[in-house]
Amino acid sequence: MATKTDGVLDPLRTISTKFIALVAVLGIAALITAEAIIHQLRHGLAVTDLASWGTQEGVTWGLYIGTFEWFAGMAVGSIAVVGYIRYRELTRYDVIARIGELWGLIAGLSAAYLIVIDLGRPDRVLNILTAWVVTVQYSPLAWDVTFVTALLVMTSTMLILSLRRDFSEMDHDSLPVYTAIIGQVLTAGYRPAEREKLDSMLRWLGLALLILAFTGGMVPGWLLGVVGAQAGWYGGIAGVSFLAGGLLSGVAAIALIAGLMRYLYDWETVIPTDVLVGLGKGLTLFGFVYLVILFNELLPSIFPMAPLAESRIGEAMLYGHFATDFWLAMAAIAIPVLVLAVFRERMLASGTELAVAGAIMLWGVFVKKQLTVIEPLMYPSGLPYEVGSYVPTLVEWVITIGAILIAILLFTIATKLVPMGGLTDTQSSTTEVNT
Amino acid sequence: MSTSDPPDDIESEAWEQWATDVVEGTGFDADLGVGLARDAQRVAKGEMSEAEYQAKYHEDVLEEFGVDDRPTAPEPEAPDGSPLPGIPTTGDRKRSRRSVMKTAGAVGLGALGLSAVQQSTRTAATATDNDSSDNDVQMGMAINTDRCIACLQCMDACNEENGNPAESLWMAVLRYEEDDFTDSEEFLTRPCQHCSDAPCETACPTNARYTREEDGIVLTDYDQCTGCRYCEVACPYGVNYLEWADPGEAEGFEGDAQVGDRTAAGTAPQGTMGKCTFCAHRQVSDDEDLRGTTACEDVCPVDAIHFGDMNDDSSAPRQHLANDTDGQPTYRLLEERGTEPNIVYVGNEPSATATQVDGPTGEDEFDLVRERHGRNEITLGSNEDDD
Ligand code: SF4
Ligand code: SF4
């Protein structure tokens with residue numbers, strides 16, 4: 001299929017003024033973020049609105065940790081998608097897998113550095129690694145570091161190996177020189193005889209990613225779920241809830257990117273409609289599952305027999321202090337689920353609608369993650385402390401939104417450096433994603 | 001498992017039969033189980049010392065269960081002779097009641113009264129002579145909130161002593177009102193509870209939060225702490241205070257921050273976690289008059305705070321609990337959370353619906369504040385206005 005052969009390399013061959021403008025804007029955002037980070041490094045966490053829970057009536061974890069949970073979720077969801085596609089060898093979804101590899105890696109890195117930004121002594125982050133041998137036996141934060149590291153290592157391996165395969169089929173002279181160099185490095189020592197082995201490695205690595213996503217992928221949820229001191233976090237559903245939110249946000253991020261790229265590069269053949277429909281089905285299913293789990297998490301707390309601490313939190317969410325944010329976030333997930341379920345085929349003929357649905361759902365998950373983190377710290381239970389308050393400062397907003405924009409910048413640049421998929425379209429799979 | 005009550009006389013046939021029935025249900029060695037149970041009763045009655053009890057069955061327990069997880073069992077060692085890394089406290093110093101209970105549960109002897117003995121082990125262990133070289137000192141406090149007049153002098157003395165900034169209230173006196181027919185107003189004097197099974201320690205990813213072997217005080221290694229605040233979210237008592245800002249020249253701790261080979265006394269440097277240290281610098285001081293004292297205890301005008309070794313029945317807290325409670329109830333804060341706090345309160349326990357109220361003496365009288373500097377001023381009563 002000649003069109004696809006050409007199409008998938010389009011982003012590499014064109015550098016439009018629009019692209020340059022986008023990179024410039026994102027670049028400026030990145031500089032502003034860097035300035036905010038330096039400001040925080042210089043003056044410490046005092047530049048945030050974080051404060052100790054208890055007498056200081058603050059929340060000690062806020063936007064940074066909420067955004068960490070959001071990024072970590074997206075990373076888990078992305079690698080699950082990649083793993084599924086590579087394991088099932090769904091070649092029609094090749095481009096989707098590449099988007100997932102890149103975004104999974106970038107989201108994982110963003111999660112990791114947000115943790116460092118949140119530390120009171122970021123210069124001592126290595127202490128977590130040196131103490132790891134001992135602390136991994138009990139500290140969920142050490143498990144989390146382990147999981148994120150495993151995710152980064154496995155996702156980069158997947159990216160490198162799949163790029164090796166794609167590059168091996170390409171005529172490097174037809175690529176821009178920097179891409180050709182990357183291709184040269186990645187295909188070093190490549191022999192055609194290796195192809196079969198490479199295919200099977202990608203397949204098994206796909207399975208490994210899938211397993212990692214569904215096991216280790218719950219660890220960032222446990223980070224909160226094992227904390228017995230905090231009503232609203234503690235409980236057996238935290239890991240599952242995190243995983244469901246992660247699957248939703250991972251698929252949503254990929255759908256958003258795929259829809260946008262399809263629109264920008266007229267990728268009707270590279271990302272055919274049935275692939276969009278597959279992503280749409282994923283969004284509907286995971287959105288629905290996530291909603292069901294969230295309501296299971298929350299509803300019991302508002303019944304009269306619920307423990308007091310739990311019910312204060314449930315009430316604040318459902319009709320108290322956080323109700324507006326909470327219901328907006330729920331609507332941002334529920335409405336796209338409904339619309340997608342009802343108008344799927346018609347709606348997904350072009351990628352833009354899917355992109356919009358993905359963006360809205362991502363925002364919904366983002367808000368819910370923030371609420372989850374700050375809720376119990378704001379409504380302490382146990383001792384007679386007061387209800388706390390938290391109004392993130394400008395520095396916190398700049399660093400948080402900046403982290404998102406920097407991730408977008410990295411992805412944008414990556415699309416100009418590496419091909420978004422392989423060239424062969426011969427054995428295009430007829431298997432549908434049965435989600 | 002039989003639910004019938006055991007016969008009283010442990011030497012009797014009936015008792016033997018009853019115990020055998022129960023143990024056989026568990027699938028473990030019946031003779032060993034019955035023996036353990038009978039002697040456990042003897043220990044409970046004081047006819048047998050705990051050390052004898054532990055020693056008598058060590059071999060057998062090891063053989064039957066592959067592990068002797070009871071309190072005085074020898075520590076497992078790594079091949080190189082160093083102790084195996086273990087979870088904090090439980091590996092190094094003593095075992096938490098939880099792990100002990102786990103064994104008791106697995107063995108199925110809980111019903112035979114074994115767990116009662118196990119539970120008493122932690123406090124009774126000092127009385128045994130076989131580990132006199134091994135410290136089993138557990139510093140703690142008895143705080144009589146019935147005596148407390150909320151003068152807040154302990155808070156002021158604490159911040160003075162440790163050089164804390166005004167917002168880091170390692171000791172805090174909470175004034176609260178019960179939302180019931182009594183409408184009673186009470187005080188809660190709240191330092192760190194120096195828990196024996198401290199969740200803050202389990203949370204810490206850098207091993208900075210630790211229990212001092214010598215006296216069971218929970219401290220933060222300021223050179224190690226990375227300021228992640230996981231300890232703070234894991235602690236149910238809200239006693240941790242990160243140093244958010246540079247304390248500046250005005251503040252500072254004048255004593256020696258070194259506690260053994262760790263830097264852990266006095267105020268926490270910027271970006272690290274501080275909390276009540278039980279005046280650790282005093283406990284390691286060369287000055288004998290300072291050891292065994294804390295600043296808050298010294299200054300309390302009504303003698304509400306009693307600091308000392310909770311395992312020593314002649315210590316100030318134990319004496320206070322034994323002789324001076326005036327019939328007031330005693331309790332440990334949030335004991336159901338399983339943290340094994342080492343502060344015992346005398347007075348009424350705050351209920352879950354208690355709300356804070358203002359009082360005649362405010363923090364501002366001592367240049368102390370509640371709000372982290374740079375944040376909005378705090379007014380008490382937010383519980384009330386909130387929907
Ligand atoms: S009161 Fe909190 S900080 Fe103190 S030892 Fe217990 S859990 Fe740790
Ligand atoms: S703030 Fe410091 S002491 Fe607390 S958990 Fe983190 S590293 Fe450990």
Side-chain angles (χ1 to χ4, degrees), chain A residues 43-58 60-61 115 118-122 124-125 127-128 130-135 137-142 144-145 223-224 227-230 233 307-309 315-316 319-321 376-377 380-389 391, chain B residues 85-88 167-169 172 174 176 188 190 199 202-208 224-230 232-246 270-273 333-334 337-338 350 352-356 370-376 378 380-383 386-387:
Chain A
H43 301 281
L45 287 173
V47 302
T48 66
D49 196 51
L50 300 168
S52 298
W53 75 268
T55 59
Q56 289 184 358
E57 296 183 19
T60 195
W61 280 358
I115 284 278
D118 187 69
L119 296 179
R121 291 296 300 264
R124 292 194 183 154
V125 61
N127 285 5
I128 300 181
T130 49
W132 183 85
V133 193
V134 181
T135 55
Q137 300 176 57
Y138 50 83
S139 171
L141 199 50
D144 215 48
V145 170
L223 183 69
L224 308 181
V227 178
Q230 307 295 347
W233 285 357
L308 180 71
E315 280 168 18
Y319 28 79
H321 186 81
L377 299 171
S381 58
L383 301 195
Y385 288 120
E386 298 282 286
V387 173
S389 68
V391 184
Chain B
I87 56 173
E167 62 194 40
S168 299
L169 306 175
L174 309 177
Y176 65 93
L188 180 67
R190 186 240 63 196
T202 312
C204 181
T206 63
N207 242 340
Q224 192 66 18
C225 172
T226 180
C228 69
R229 318 192 286 298
Y230 201 27
E232 186 186 333
V233 300
C235 163
Y237 304 99
V239 305
N240 289 278
Y241 292 85
L242 190 90
E243 285 318 323
W244 302 94
D246 186 351
Q270 181 184 359
T272 62
M273 191 58 79
L333 267 181
L334 308 180
R337 308 270 177 116
T353 49
T355 47
Q356 275 192 68
R370 290 200 156 211
E371 55 274 2
R372 201 209 82 194
H373 82 275
R375 288 187 89 236
N376 295 338
I378 288 172
L380 294 182
S382 59
N383 267 328
D386 206 87
D387 25 0

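A, B, ... follow the sequence lines: proteins, then strands. Residue 1 opens every chain.
You'll find the side chain of B/Glu167 stays beyond 4.5 Å of the side chain of A/Thr55, heavy atoms only. Residues A/His43 and B/Asp246 have side chains not in contact (no heavy-atom distance under 4.5 Å, counting atoms from C-beta outward).
Nearest approach of A/Trp53 to B/Val233, heavy atoms of both residues: NE1-CA, 4.2 Å. Nearest heavy-atom pair across B/Ala245 and A/Ala46 is CB-CB, 3.6 Å. What you find for B/Thr206 and A/Ala131 is that their closest heavy atoms are O-CB, 3.5 Å. Scanning all heavy atoms of the two residues, the minimum distance from B/Gln270 to A/Arg121 falls at O-CD, 3.3 Å.
Checked against B/Tyr230 for a side-chain contact (heavy atoms from CB on, under 4.5 Å), the options A/Asp144, A/Leu223, A/Thr60 give a single hit: A/Leu223.
For A/Trp233, the part sitting under 4.5 Å from any heavy atom of chain B is the side chain, from C-beta outward, and nothing else. For B/Leu242, the parts sitting under 4.5 Å from any heavy atom of chain A are the backbone and the side chain alike. Both the backbone and the side chain of A/Leu119 come within less than 4.5 Å of a heavy atom in chain B. Using a 4.5 Å cut-off between heavy atoms, A/Ile115 makes no contact with chain B at all. Proximity to chain B (any heavy atom under 4.5 Å) is shown, for A/Leu45, by both the backbone and the side chain. In this structure, chain A has a heavy atom under 4.5 Å from the backbone of B/Ala203, while its side chain stays farther away. If you measure heavy-atom distances from A/Pro380 to chain B, you find no contacts under 4.5 Å at all.
Remark: the backbone N or O of B/Arg370 is not paired with any side-chain donor or acceptor of A/Gln56 at under 3.5 angstrom. The main-chain N or O of B/Glu371 is never found under 3.5 Å from a side-chain atom of A/Glu57 such that the two would form a donor-acceptor pair.
Top candidate by heavy-atom pairs under 4.5 Å with chain B, chosen from A/Leu377, A/Val47, A/Leu383, A/Leu50, is A/Leu50. The choice from A/Ser389, A/Ser52, A/Ala309 that makes the most heavy-atom pairs within less than 4.5 Å of chain B is A/Ser52.
The pair A/Asp49-B/Arg372 does not count as a salt bridge, with every side-chain nitrogen at least 4.0 angstrom from each carboxylate oxygen.
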